[in-house]
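Here is the structure we will look at, set down as structure tokens.
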Number of protein chains: 2
Amino acid sequence: MSLPHAILTALLEKPSSGLELTRRFDRSIGYFWSATHQQIYRELGRLERDGLIRALPSATATRGQKKSYEVLPEGRAELARWTAAGQDPKPMRDALLLRLRAAAVVGTDGIEEDLRRHLALHRNRLAEYEEIECRDFPPGSDAIEDRLRHVVLRAGIDLETFWTRWLARALDELTAPGPNGPSDLADEVHDRAGEA
Amino acid sequence: MSLPHAILTALLEKPSSGLELTRRFDRSIGYFWSATHQQIYRELGRLERDGLIRALPSATATRGQKKSYEVLPEGRAELARWTAAGQDPKPMRDALLLRLRAAAVVGTDGIEEDLRRHLALHRNRLAEYEEIECRDFPPGSDAIEDRLRHVVLRAGIDLETFWTRWLARALDELTAPGPNGPSDLADEVHDRAGEA
DNA sequence: TATTTCATGTAAGTCGTTACATGATTGT
DNA sequence: ACAATCATGTAACGACTTACATGAAATA
């Protein structure tokens, strides 16, 4: 149940329409909580129905017309309640690690190319985050709101740093010659099919 | 569509029943792809229906009786096809980062306690992974299958290391006194509600 | 026999993804 | 007028979550 609270946070930072929210999710907020425009419109409908947000008076009620929302006191209270309540971390899900484990069983065809592609993507995102840090968080800012936002961005930077380093290492392990050379895995595994 | 392939990988490593798979997902595989027993039973039914796995002949057909599965050649082929195909990384979703961003708007009540709890959890998991590394991957193993499994475990270790460091840093930022002290955020933000 | 544990499943509801539909505005 | 774009939705489906149901085996 995080999407409604992500939207409440975004609307408190600045009242917006559905499409504006979608764009903001593509930029900053979506870096740690992504959402499509369909999810956002559905959730805006629910939040309005439940009395946590309301459409700005200026907005007309017809389809295709821009319609902006603002957070009501009940919405702010609900966000504060959710923020203060503890939550257990969700177990992670990473398809790339799963594929690597599968590759240890059925062979490594196609993996190296994809690791390189992921490495390039993570390097790009890392550069993007570091640019944001230079622009928005010059050294010496000290209000606690800024410190919080900065430490969140820092998580993104450190995570992308981890991925770039780990992918480089995985590529090393994948391409380094083993005792029988790097390309004999598929047959070898096939011979061992069915063992414990 | 990763769950069926996670199950195929697990079954190739060792034929198992639904409950055995559930336990293995709680241990090693679930470290990067978690699943509940309901998901697993449903998926086993689909995989059997589609001819990718089959129940071992010994298994009886009645409810409440243990029923083990093994992978058929079609299942192995499907797993190899999926493993070789490229996939885009999914955007990440982390509720804790979202809560920190929300806390910058509605106040930091309750956050510090939860950060400490998360820090303890990640430290425990890190210790767990490092123990597995010492036990299962002594220095000098060099078959490519072992190198692959090791580098996957390494991702887990490095990720938990990142989280412990980042959480410690976040706690520093949260508890360090700011220009107006650490406890005045809620009121301050409330005064600023509605600005750009 | 009664309880607990093992083991397999059903059902309902929410969330996320993909594809499509519709109205309004702007530019040519 | 026409096309492109902005903007708001609907519909359908699959994935995930939570709660519950049922049968078999062990054990007290």
Side-chain angles (χ1 to χ4, degrees), chain A residues 1-8 10-11 15-26 29-30 32-50 53-56 58-69 82 87-95 98, chain B residues 1-8 10-11 15-26 29-30 32-50 53-56 58-69 82 87-95 98:
Chain A
M1 285 277 290
S2 295
L3 179 56
H5 304 98
I7 291 177
L8 287 172
L11 287 181
S16 308
S17 68
L19 197 57
E20 284 164 351
L21 279 176
T22 302
R23 295 201 215 287
R24 289 173 62 195
F25 269 75
D26 285 341
I29 299 175
F32 47 87
W33 202 276
S34 67
T36 65
H37 75 104
Q38 290 88 344
Q39 284 174 274
I40 289 170
Y41 281 118
R42 176 170 30 173
E43 208 59 49
L44 282 173
R46 279 187 257 213
L47 289 168
E48 187 179 25
R49 182 199 62 191
D50 297 345
I53 64 174
R54 70 165 184 183
L56 287 180
S58 64
T60 62
T62 64
R63 189 177 186 138
Q65 285 285 83
K66 189 167 140 178
K67 189 169 151 196
S68 288
Y69 294 90
W82 176 81
Q87 294 174 208
D88 288 331
K90 296 255 169 184
M92 74 176 261
R93 287 227 173 103
D94 188 281
L98 188 60
Chain B
M1 284 277 290
S2 295
L3 179 56
H5 303 98
I7 291 178
L8 287 172
L11 287 180
S16 308
S17 69
L19 198 57
E20 285 165 350
L21 279 176
T22 302
R23 294 201 215 289
R24 292 173 61 195
F25 269 74
D26 285 343
I29 298 175
F32 47 88
W33 201 275
S34 67
T36 65
H37 75 106
Q38 290 89 343
Q39 284 175 274
I40 288 171
Y41 282 118
R42 173 168 27 172
E43 207 60 49
L44 283 172
R46 277 188 256 210
L47 288 168
E48 187 179 25
R49 182 199 63 192
D50 297 346
I53 64 175
R54 69 166 183 182
L56 288 181
S58 64
T60 63
T62 64
R63 189 175 186 139
Q65 286 286 83
K66 191 167 138 177
K67 191 167 149 196
S68 288
Y69 294 90
W82 177 79
Q87 295 175 208
D88 288 331
K90 296 253 169 187
M92 74 175 258
R93 286 225 172 105
D94 189 280
L98 188 59

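Lettering of chains follows the sequences in order, A, B, ..., and the numbering in each one begins at 1.
Checking side-chain atoms of S34(B) against main-chain N and O of G30(B) turns up no donor-acceptor pair under 3.5 Å. The backbone N or O of I40(B) sits nowhere less than 3.5 Å from a side-chain atom of E43(B) that would complete a donor-acceptor pair. Using a distance-only test at 3.5 Å, with no hydrogens or angles considered, a donor-acceptor pair links the side chain of Q39(B) to the main chain of T36(B).
Every residue two or more places apart in sequence or in another chain that forms a salt bridge (charged side-chain N to carboxylate O under 4.0 Å, His left out) with R54(B) is listed here: E70(B). Under the side chain to side chain donor-acceptor pair (under 3.5 Å) criterion, W82(B) pairs with Q87(B), sequence neighbours left out.
One atom, CG of L19(B), and another, C1' of dT22(D), lie 15 Å apart when rounded to the nearest Å. In this structure, CD1 of I7(A) is placed 13 Å from C1' of dG16(C), rounded to the nearest angstrom. Regarding E20(A), its CD atom lies at a distance of 7 Å from the P atom of dA7(D), rounded to whole Å. At whole-Å resolution of the value, CD1 in I40(B) and P in dT18(D) are 15 Å apart. In this structure, CG of D26(A) is placed 13 Å from P of dC6(D), rounded to the nearest angstrom. Summarising the geometry, the separation between NZ on K67(B) and P on dA25(D) is reported as 16 Å, rounded to the nearest angstrom. As rounded to whole Å, 14 Å separates atom P of dC13(D) from atom CZ of R46(B). In this structure, the CD atom of E43(B) is 16 Å from the C1' atom of dT10(C), given to the nearest Å.
When the nucleotides dC15(C), dT8(D), dG9(C) are ranked by their closest atom to the side chain of M1(A), dC15(C) comes out on top. Comparing atom distances between the R23(B) side chain and each of dG9(C), dA7(C), dA24(C) picks out dA7(C) as nearest. For Q65(A), counting side-chain heavy atoms from C-beta on, the closest listed nucleotide (dT8(C), dG9(D), dT25(C)) is dT25(C).
A side-chain donor from one of S16(A) and R24(A) sits under 3.5 Å from a side-chain acceptor of the other.
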Atom pairs under 3.5 Å: protein N/O with N/O of nucleotides 17-20 of chain C:
from    : atom 1 : to     : atom 2 : distance (Å)
dA19(C) : N6     : Q38(A) : NE2    : 2.7

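Distance check, rounded to the nearest 0.5 Å: CZ of R23(B) to CG of L21(B) gives 11.0 Å.
Close to dT8(D), at under 4.0 Å from its OP1 or OP2, lies a side-chain N or O of Y41(A).
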